[in-house]
Structures are given as structure tokens and as C-alpha cells.
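Structure first, commentary second.
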Amino acid sequence: MRKKIIIGNWKMNKTSKEVKEFFEEFNKKELKTRSNTLYGLAIPACNIPFAIDKRVNKKFIVAAQDISKHLSGAFTGEISILMLKDLGVSHVIIGHSERRIYHGETDQDVNTKAKIALEHGVIPIICVGETLEQYESKQSKKIVEKQIKDCVKDLDLSKIVIAYEPVWAIGTGKTATNEYAQVMCNHIRKLTSDDTLIQYGGSVTPETINDLLKQPDVDGALVGGASLKVDSFIKLIEK
Ligand code: PGA
């Protein structure tokens with residue numbers, strides 16, 4: 001049986017003090033987490049050491065939100081997989097729509113970054129998803145198919161996570177229906193493998209996650225806004 005994986009994506013939020021406070025509060029709670037489920041948070045790189053230091057459960061995933069295409073050298077502002085691996089990161093989000101929109105990342109960049117991550121034993125969480133315009137013109141399946149083919153080229157499909165995130169559902173409060181999430185995740189399943197973990201992302205909340213996770217091809221969630229507060233994050237990972 002495939003595991004489930006729930007990852008909070010903090011994006012560019014929280015100072016080091018706020019990260020420490022989050023974990024101090026989180027560590028005090030007695031959790032009844034979902035069975036067979038991995039969970040954790042993707043944190044801005046500068047604050048990863050604080051999360052690693054504060055997490056009590058070593059299985060709590062601390063993920064990065066991006067990596068450089070390069071391992072080292074004259075790339076001002078970039079952070080390499082070697083540096084993140086060294087901090088203890090086990091997963092990295094790659095190709096989030098915000099990186100594609102604001103930083104011009106392409107499917108080829110995503111593929112290169114995912115390869116680098118895997119070569120260094122870090123699991124890439126590869127994001128794909130159609131825009132509102134593409135959704136409205138009924139091109140979602142075609143667009144996602146092209147993204148998947150280009151992004152996962154030559155990757156070990158049993159070692160990656162795919163996050164299907166329709167761009168129109170991210171941070172908008174407009175979540176896809178469970179049926180739609182299932183149709184799209186099933187489409188991705190057919191293009192990848194039975195072993196690939198496929199998350200849904202886009203305005204997931206503690207109220208919507210349970211029914212979402214009942215969909216046969218939805219193996220978890222990538223959650224932005226609802227992962228920022230301890231109580232809400234706990235509701236996402238508890239059964
Ligand atoms: P959201 O973000 O849950 O706030 O919509 C999801 C994401 O961007 O991964």
C-alpha cells in the first residue's frame with residue numbers, strides 16, 4: 001500500500017524566532033497522526049537549521065522549497081543541494097508554480113533540479129498544474145501531461161513525489177472538487193507509476209483534507225496557508 005505524504009509549504013513566511021515558537025508549541029502536543037502517513041514542512045532555507053534542531057520526532061520531514069541547478073560556484077543568491085543535504089533536508093519542492101511564474105522556471109529546469117536532488121539522495125516534490133485559462137479552455141489534462149513528461153524524464157518514478165497543484169486553486173480559497181483532484185491525479189498516475197506518490201495542492205484545509213485523502217490516487221497534500229499555524233497544521237496530519 002502506498003504511503004500518504006502531507007507537507008506544509010511555508011513559502012516566504014516566519015522569522016527564526018517564529019520557527020522556534022512553532023516547534024516549541026508543536027512539540028507540546030500529543031499527536032494522533034494518520035497511520036502510514038509521512039508529514040513535515042518546507043521551510044525557507046535560512047531557517048531550516050532551527051527546524052531541524054527543534055523537531056523532536058526525527059521522522060518529521062524538513063524540506064527545502066527550491067534548489068539551484070548547480071552544485072557550487074559563481075551563482076550569487078543560489079543554494080545548492082549539497083548545502084541543504086548537509087543541513088539534514090530529506091525532501092525539496094521543485095517547480096512550484098510561484099517559481100515558474102515569478103522566476104521563469106521551465107519544465108527542463110525542473111527536470112535538471114529533480115535529477116540533482118535524486119543523485120544526492122533527496123526526494124524531489126515536483127509540482128505541476130494548469131492555469132485558470134488552461135482549465136477554463138479544458139486543456140488541463142494535455143498541459144499536465146506535457147509537464148509530467150518533461151519534468152520526470154529519466155527519473156526513478158518510485159523515488160519521486162508529484163504535487164498536482166492547479167494554479168487557480170493556490171492561495172485563492174477555490175479548491176478543486178475531490179472528483180476533479182482524483183481525475184487529474186489518476187491521469188498523472190497513468191503517466192508515472194503505481195509507486196509514485198501523488199499529492200494534491202491548492203487551498204487544502206483541515207476541513208477538506210479528509211475527503212481528499214479518500215480519493216484512490218491522491219496520496220497526500222501540499223498545503224500552504226493552512227500549515228502556518230500549529231493547530232491547523234496538526235488538524236491536517238491527525239486522523
Ligand atoms: P495554498 O498553497 O494551500 O495556500 O493554496 C498551496 C501551495 O502553494 O503549495
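Just so you know, ligand 1 is whichever comes first in the structure, and atom 1 is the first atom listed for that ligand. Note that the coordinates shown come from a computational prediction; the quantities given were computed from them, not determined experimentally.
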List of N/O pairs, ligand 1 versus protein, all under 3.5 Å?
unit_1: ligand 1; atom_1: 2 (O); unit_2: Lys11; atom_2: NZ; d: 3.4
unit_1: ligand 1; atom_1: 2 (O); unit_2: Gly224; atom_2: N; d: 3.4
unit_1: ligand 1; atom_1: 3 (O); unit_2: Ser203; atom_2: N; d: 3.4
unit_1: ligand 1; atom_1: 3 (O); unit_2: Gly224; atom_2: N; d: 2.8
unit_1: ligand 1; atom_1: 4 (O); unit_2: Gly225; atom_2: N; d: 2.9
unit_1: ligand 1; atom_1: 5 (O); unit_2: Gly171; atom_2: N; d: 2.6
unit_1: ligand 1; atom_1: 5 (O); unit_2: Ser203; atom_2: N; d: 2.7
unit_1: ligand 1; atom_1: 8 (O); unit_2: Lys11; atom_2: NZ; d: 2.7
unit_1: ligand 1; atom_1: 8 (O); unit_2: His96; atom_2: NE2; d: 2.7
unit_1: ligand 1; atom_1: 9 (O); unit_2: His96; atom_2: NE2; d: 3.3
unit_1: ligand 1; atom_1: 9 (O); unit_2: Glu165; atom_2: OE1; d: 3.3
unit_1: ligand 1; atom_1: 9 (O); unit_2: Glu165; atom_2: OE2; d: 2.6

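Taking the centre of each ring, Phe22 and Trp10 come in below the 6.0 Å mark.
Among residues at least two apart or in separate chains, salt bridge (charged side-chain N to carboxylate O under 4.0 Å, His left out) pairs with a member in residues 59-84 are Asp66-Arg99, Asp66-Lys113, Lys69-Asp109. For residues 116-131, the pairs satisfying side-chain hydrogen bond (donor to acceptor under 3.5 Å, both in side chains) are Glu130-Ser140, Glu130-Tyr164, Glu130-Trp168, Glu130-Tyr180, Thr131-Gln134, with sequence neighbours left out.
Salt bridge absent: Glu24 and Lys20 never bring a charged side-chain N and a carboxylate O closer than 4.0 Å.
Taking each heavy atom of Ile94 and Ala117 in turn, the nearest pair found is CD1-CB, 4.4 Å.
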Side-chain atoms of residues 37-47: list all donor-acceptor pairs with protein atoms under 3.5 Å, sequence neighbours left out, distances to 0.1 Å.
unit_1: Thr37; atom_1: OG1; unit_2: Ser35; atom_2: O; d: 2.8
unit_1: Tyr39; atom_1: OH; unit_2: Asn57; atom_2: ND2; d: 3.4
unit_1: Asn47; atom_1: ND2; unit_2: Lys14; atom_2: O; d: 3.0

